There are 2 protein chains.
Amino acid sequence: MAKVKISAAPSIRRLPSYLHIIRRLQGEGNTFISGTVIAQELNLEPIQVRKDLSITGIIGRPKKGYPIQALIEAIEHFLGWDSPHDAVLVGAGSLGTALLGYGEFRYHGLRIVAAFDKNPQKIGSDIHGVTVFDNVNMEERIRSLEVTTAILTVPSVHAQETAGILVRAGIRGIWNFTNVKLKVPERVVVQKEDLSSGYAMFCVMLHAKKLEEDGRHGAGQD
Amino acid sequence: MAKVKISAAPSIRRLPSYLHIIRRLQGEGNTFISGTVIAQELNLEPIQVRKDLSITGIIGRPKKGYPIQALIEAIEHFLGWDSPHDAVLVGAGSLGTALLGYGEFRYHGLRIVAAFDKNPQKIGSDIHGVTVFDNVNMEERIRSLEVTTAILTVPSVHAQETAGILVRAGIRGIWNFTNVKLKVPERVVVQKEDLSSGYAMFCVMLHAKKLEEDGRHGAGQD
C-alpha cells in the first residue's frame, strides 16, 4: 500500500500566500525581500517563513534576503505552477461556476478546458469562457481531450458514481469539493477540499478570542 | 500583541471528517466505534486519530472504543457546533450562492440570517431561503440583527472596504473567502479560506504520485 506521504503539508499550504505577497512587492519595484517582511505581512514567525521557503530549495542571503524573481520561480517550480495544467470541471452549479470564474487559477497554470453538467439549460452554454458539455458523453470527451485532472463539484449524492466515470476516462487526479470520501484505485490522487474544516478552525479561533477578551475584562475589574 | 494561538490546528481541521464518519456509523446502528475503524475510513494512523480526538476531552475504552453518542457530543461541544451560530453573508455572487446552499452548515449550527449584495437584480430576492438585502444599509441592518459573524464573498477588490463596514457594524469574526489579507482591529478574528492552498497540496500530491509511479515502472524494467 504505497500511499503518497506529504510531510510538509502546512508549509506547502502557506506557499501560495507567500507567492501573493512576493508578487505584490515585486510589482512595487523591489528586487529583494527579507523573510522578516514576509512574516510581518502574514503574522508568522520569521523562522517559520524561512523554514517554509527552504522546501523549495532556495536560501536567503544574510541582510539582503531573497532575490524576488528567483524566489517566485522556486516556489512556482516546486508547485509545478510554472507549466500549464489542464483540467475538466464536473458539475456547473453555483460552486462550479464560482471556480470557473476564480481569477487566481490562471496564476497557478490551471486551465479548465471543459465543464460538464446534466442540466439541459446549461449544456452548450459558456461560463466564464468555458463550454459546458453534456455529462452523458463525458467519458469519451475526457479521453479525447487527454486531460488527466478533474475538479469535482457535483452534488454529493452523485460524487462516487461520477468519480467512477472519471477514473474510467483516465483521470489520475480529482480535486474533490463534495463531502464524500471517494473510493478510487490507488493510482488516483484525491485532494478533498472541506469547507467544514475551515469553519471548524474559525469556530475554535472565535471561542479562543472570546475567552481571551473575557479574561482581560475580568483582570481589569480586579 | 495578544494573538490567538491555535496549536492543534491540523487536529481541529480533521474533526469535521471524524464527525461525518461517526454520524454515518451511528446511522447504521452502531453504539461504539474504535479509533482503528475511523483511521481505516480516513486513511490515517490509529494513533493520530486517538490523539486528535483527545483534544475534545474524550478517551476511548480498551477493546470497545468510543461510545458514539458521547463522542459526537464531545466533538460538537469542542467546536461550539452544539448551539446555533448566526452569521451574515456579504457578496451573493456564485461563491456566495454556493455557500448559501451548502447543506452541511446546518449540522454545524451555522445559520445565515441575511445576505447582502449591491446588484439590484439580487436585492430582495431569496437565495436558498436567505433574503438578499441592499449593501447600502448593511451597517445598520447588521447592528439591528445583532449578528457578530460575517462570511465575506465579495470580489477581492472590495474586500478591505467591506471589512471596514463590517467591523463598524460590530462584527467580531470574518470568514474571509477573498484573497486579501484583511487589516482589522485586534479584537476581530479573521479565518482566511484559500482555495490556492488546497490546489498547492493537490499539485504536490500529483507530482509525488507521478514520481512514485515512474520509480515503480523504472524498477520493473531493470
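For the numbers below, each heavy atom of this structure counts, side chains included, while hydrogens, waters and symmetry mates do not. Computed from a prediction, not measured in an experiment: that's the story for all the values here. The chains referred to below are lettered A, B, ... by the order of the sequence lines, with proteins before strands, and numbering in each begins at 1.
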Problem set entry | Sequence neighbours excluded, every pair satisfying salt bridge (charged side-chain N to carboxylate O under 4.0 Å, His left out) that has a member inside residues 78-102 of chain A | A/D86-A/R111
Exercise. Between A/K209 and B/R172, is there a donor-acceptor pair closer than 3.5 Å when you use the side chain of the first and the backbone of the second?
Worked result: no
Problem set entry | Engaged part of B/T149 at the chain A interface, taking heavy atoms whose separation is under 4.5 Å | side chain
For this session: Evaluate the side-chain proximity of A/Y102 to B/S94: yes if any heavy-atom separation is below 4.5 Å, no if none is.
Result: no
Exercise. Which atom pair, heavy atoms only, marks the closest approach of B/C203 to A/L79?
Worked result: CB-O, 3.2 Å
Exercise. Can you tell which of A/I151, A/V190, A/T148, A/T97 has the highest number of heavy-atom pairs within less than 4.5 Å of chain B?
Worked result: A/T97
Seminar exercise, completed: Output for pair (B/K192 NZ, A/M201 CE), nearest 0.5 Å, gives 14.0 Å
Problem set entry | B/H20 portion near chain A, given a 4.5 angstrom heavy-atom threshold | side chain
Exercise. Is it the side chain or the backbone of B/Y107 that comes within 4.5 Å of chain A heavy atoms, both, or neither?
Worked result: neither
Problem set entry | Which atoms of B/Y18 approach chain A - backbone, side chain, both or neither, heavy atom under 4.5 Å | neither
For this session: Decide if atom NZ of A/K122 counts as having more than 12 heavy atoms of other residues, nucleotides or ligands within a radius under 6.0 Å.
Result: yes
Problem set entry | Heavy-atom neighbours of B/L211 CG exceed 12 at 6.0 Å | yes
Exercise. In terms of heavy-atom pairs under 4.5 Å, which option from A/Q191, A/H85, A/H207 contacts chain B the most?
Worked result: A/Q191
Problem set entry | Closest-packed option against chain B by number of heavy-atom pairs under 4.5 Å, given A/N179, A/V188, A/L95 | A/N179
Exercise. Does atom CD of B/E28 have more than 12 heavy-atom neighbours from other groups under 6.0 Å away?
Worked result: yes
For this session: Can you label the angle between the B/F105 ring and the A/Y199 ring as parallel, tilted or perpendicular, going by 30° and 60°?
Result: tilted
Problem set entry | By side chain to side chain contact (heavy atoms under 4.5 Å, CB included) - contacts of A/I55 (at least two apart) | A/A8, A/S11, A/I12, A/L15, A/F78
For this session: Would you indicate whether A/H77, at its atom NE2, is surrounded by more than 12 heavy atoms from other residues, nucleotides or ligands within a distance under 6.0 Å?
Result: no
For this session: To the nearest 0.5 Å, tell me how far B/E213 CD sits from A/E186 CD.
Result: 8.0 Å
For this session: Please flag which part of B/L195 lies under 4.5 Å from any non-hydrogen atom of chain A: side chain, backbone, both or neither.
Result: both
Exercise. Looking at A/W175 and B/F202, what are the two nearest heavy atoms and their distance?
Worked result: N-CZ, 3.6 Å
Problem set entry | Contact leader toward chain A among B/S17, B/G80, B/G109, B/G198, where contacts are heavy-atom pairs under 4.5 Å | B/G198
Exercise. Is chain A contacted by the side chain of B/I174, its backbone, both, or neither, given a heavy-atom distance below 4.5 Å?
Worked result: backbone
Exercise. Any side-chain heavy atom of B/S197 within less than 4.5 Å of one from A/R14?
Worked result: no
Exercise. Roughly how far apart are B/K181 NZ and A/I21 CD1, rounded to 0.5 Å?
Worked result: 8.0 Å
For this session: Of all the heavy-atom pairs spanning A/S196 and B/P16, show the shortest one and how long it is.
Result: O-CG, 3.5 Å
